[in-house]
Amino acid sequence: MGELYDIQNSFTKHLRNPDHVPIPDGLDKRRVEIYSGLIFNNLSSLLSDFFPVIKLILSQQQWDRMVRDFFIKHESKTPYFMEISGEFARYLSHSKLPSDYPDFLPELAHYEWVELAMYTMDENHPDSLLESGQLLDQPLSLSPLAKPIAYQYPVHRISPESQPLEPAAEPTLLLVLRDLNENVRFFELQPLAFHLLNHIRENPSLIVKNWLNEFADQMDVQDRLEFVKNGMNLMQSFNKHRIFVSK
């Protein structure tokens, strides 16, 4: 058993890093090279399907180098193909890439990953809309199918023709949700909408009416009634997508 383990361990180390780890003794060089190439190309093809924008903005050399580094260094926690996208996003969030890679790459990877994660999530929408009174006067939670996210870069606008060199002056605030037609959509949020949704997500006992009044005090809002009314309209617009769950 020990000898078999040693052979398997040496073989997999070579497959991950064939340029620097020799082929184990006794294995046919030509066959191992074919197998090694197939594994790498399959991984590269899978990741390019999951991260099409990243694949477009990088050169082939940059892409291959990054995929190889992921293959060598990252210890995946899941055997499922569909979850490799999350592993790759985590790898980028913790990796120090060479200077010829854009700084926005980790956030762009997260943005591309979250769309797939939301689409494949095994959750259902609430059966019905909440009533107006429930939206303001009762504790709410966000559906797992809706999530506010803040990025330093305008990730939803990045393309081969548009690649920011530095973070934006203001954060990019987005709401990602899976709609009633099972399509994943991204909405740009104003700061008030983002903070409100984020507080609902983080605080299961939050009452929206109380939060709006407290926020009005903090911001020294002159017309409190108008402000709360606008907050109510905001909640109603989100409620149409059934993103709220009543406690």
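Keep in mind that this is a model prediction, so the values were computed, not measured.
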Practice problem: Please check if atom CD in Gln61 has more than 12 non-hydrogen atoms from other residues, nucleotides or ligands closer than 6.0 Å. | Solution: no
Quiz item: Do Phe227 and Gln222 come close enough that some side-chain heavy atom pair is under 4.5 Å?
Solution: no
Quiz item: For the atom pair CZ (Arg16) and NE2 (His74), what is the distance rounded to the nearest 0.5 Å?
Solution: 9.5 Å
Quiz prompt | Ile54 versus Met66, closest heavy-atom pair with distance | solution = CG2-CE, 4.0 Å
Exercise. Write down the atom of Ser93, the atom of Pro106, and the distance for their closest heavy-atom approach.
Key: CA-CB, 4.2 Å
Self-check item: Validation row: Ile158, Pro164 side chains within 4.5 angstrom (heavy atoms)
Solution: yes
Quiz item: Are the side chains of His241 and Leu180 in touch, meaning some heavy atoms are under 4.5 Å apart?
Solution: no
Self-check item: Sidechain-backbone polar pair: Asp179 side chain, Asn181 backbone, donor-acceptor under 3.5 Å
Solution: yes
Quiz item: Under the salt bridge (charged side-chain N to carboxylate O under 4.0 Å, His left out) rule, what pairs show up with a residue in residues 222-234, not counting sequence neighbours?
Solution: Asp217-Arg224
Quiz prompt | Pairs touching residues 92-113 that satisfy salt bridge (charged side-chain N to carboxylate O under 4.0 Å, His left out), sequence neighbours left out | solution = Arg65-Asp100
Practice problem: Measure the spacing between CG of Asp64 and CG of Asp69 and express it to the nearest 0.5 Å. | Solution: 12.5 Å
Quiz item: What pairs with Tyr91 under ring pair (Phe, Tyr, Trp, His ring centres under 6.0 Å), at least two apart in sequence or on another chain?
Solution: Phe70, Phe88
Practice problem: Determine, stepwise, if the pair Lys55 / Gln60 fulfils side-chain contact (heavy atoms from CB on, under 4.5 Å). | Solution: CA-CA 8 Å; Lys55 181 64 170 65; Gln60 188 63 50; 3.3 Å; yes
Quiz item: Looking just at side-chain N and O atoms, do Glu214 and Asn210 make a donor-acceptor pair shorter than 3.5 Å?
Solution: no
Quiz item: Does Leu108 offer a backbone N or O that forms a donor-acceptor pair with the side chain of Tyr153 under 3.5 Å?
Solution: no
Practice problem: Decide yes or no on side-chain contact (heavy atoms from CB on, under 4.5 Å) for Leu177 and Met118, but give the supporting numbers first. | Solution: CA-CA 7 Å; Leu177 64 84; Met118 191 67 70; over 6 Å; no
Practice problem: Taking the side chain as every heavy atom from C-beta outward, state whether Leu173 and Pro191 have any pair of such atoms under 4.5 Å apart. | Solution: yes
Identify each donor-acceptor pair in which a side-chain atom of residues 126-137 lies under 3.5 Å from a protein atom, sequence neighbours left out, and give them as a table.
from: Ser132; atom 1: OG; to: Gln236; atom 2: NE2; distance (Å): 2.6
from: Gln134; atom 1: OE1; to: Glu131; atom 2: N; distance (Å): 2.8
from: Asp137; atom 1: OD1; to: Lys209; atom 2: NZ; distance (Å): 3.1

Quiz item: With distance as the sole test, does Asn198 use its side chain to make a donor-acceptor pair with the main-chain N or O of Phe194 at under 3.5 Å?
Solution: no
Exercise. Establish whether Leu145 and Tyr119 are linked, either directly or via other cluster members, by ILVMFWY side-chain heavy-atom contacts under 4.5 Å.
Key: yes
Quiz prompt | Within 6.0 Å of CD in Gln190, more than 12 heavy atoms from elsewhere | solution = no
Quiz item: How long is the span from the CG atom in Leu38 to the OG atom in Ser45, to the nearest 0.5 Å?
Solution: 12.0 Å
Quiz item: Does one hydrophobic cluster hold both Ile207 and Val228, with members joined at side-chain heavy-atom distances below 4.5 Å?
Solution: no
Self-check item: Residues which pass salt bridge (Lys or Arg N to Asp or Glu O under 4.0 Å) with Glu188, listed by chain and number, not counting sequence neighbours
Solution: Arg157
Quiz item: Crowded around Glu170 CD? As in, over 12 foreign heavy atoms under 6.0 Å?
Solution: no
Quiz item: Does one hydrophobic cluster hold both Val53 and Val184, with members joined at side-chain heavy-atom distances below 4.5 Å?
Solution: yes
Quiz item: How many angstroms lie between OG in Ser143 and CZ in Arg201, if you round to the nearest 0.5 Å?
Solution: 13.0 Å
Self-check item: Closest heavy-atom pair and its distance - Ile57, Pro102
Solution: CD1-CG, 4.5 Å
Quiz prompt | Any pair counted as ring pair (Phe, Tyr, Trp, His ring centres under 6.0 Å), so long as it reaches residues 167-186, sequence neighbours left out | solution = Tyr111-Phe186
Quiz item: Any donor-acceptor pair under 3.5 Å linking the side chain of Ser95 with the backbone of Leu97?
Solution: no
Quiz item: Which distance, rounded to the nearest 0.5 Å, do you find between the CG of Leu116 and the CE of Met82?
Solution: 4.5 Å
Quiz prompt | Check: Met235 and Leu196 side chains under 4.5 Å, non-hydrogen atoms | solution = yes
Quiz prompt | Under 3.5 Å donor-acceptor, Ser237 side chain and Leu234 backbone | solution = yes
Quiz item: Do Leu140 and Leu206 come within less than 4.5 Å of each other through their side chains, counting heavy atoms only?
Solution: no
Quiz item: Are any non-hydrogen side-chain atoms of Ile149 and His110 less than 4.5 angstrom apart?
Solution: yes
Quiz item: Are Leu46 and Trp113 connected, step by step, through hydrophobic side chains (Ile, Leu, Val, Met, Phe, Trp, Tyr) whose heavy atoms are closer than 4.5 Å?
Solution: yes
Quiz item: Could you walk me through whether Asn203 and Trp211 pass the side-chain contact (heavy atoms from CB on, under 4.5 Å) check?
Solution: CA-CA 11 Å; Asn203 186 352; Trp211 186 89; over 6 Å; no
Quiz item: Could you state the interatomic distance from CG (Leu47) to CD (Glu87), rounded to the nearest 0.5 Å?
Solution: 11.0 Å
Exercise. Provide the closest heavy-atom pair for Leu212 versus Gly231 in the form atom of the first, atom of the second, distance.
Key: CD1-CA, 4.0 Å
Self-check item: Connected via hydrophobic side-chain network under 4.5 Å: Leu58 and Leu165
Solution: no
Quiz item: Are Arg30 and Glu33 ion-paired here, with the side-chain N under 4.0 Å from a carboxylate O?
Solution: no
Quiz item: Taking the six-membered ring where the residue is Trp, are the ring centres of Phe215 and His199 under 6.0 Å apart?
Solution: no
Self-check item: Considering all heavy atoms, the nearest Trp63-Ser44 contact
Solution: NE1-OG, 2.8 Å
Quiz item: Leu174 versus Val155: any side-chain heavy-atom pair under 4.5 Å?
Solution: yes
Practice problem: Give the minimum heavy-atom separation between Met121 and Arg178, together with the two atoms involved. | Solution: O-NH1, 2.8 Å
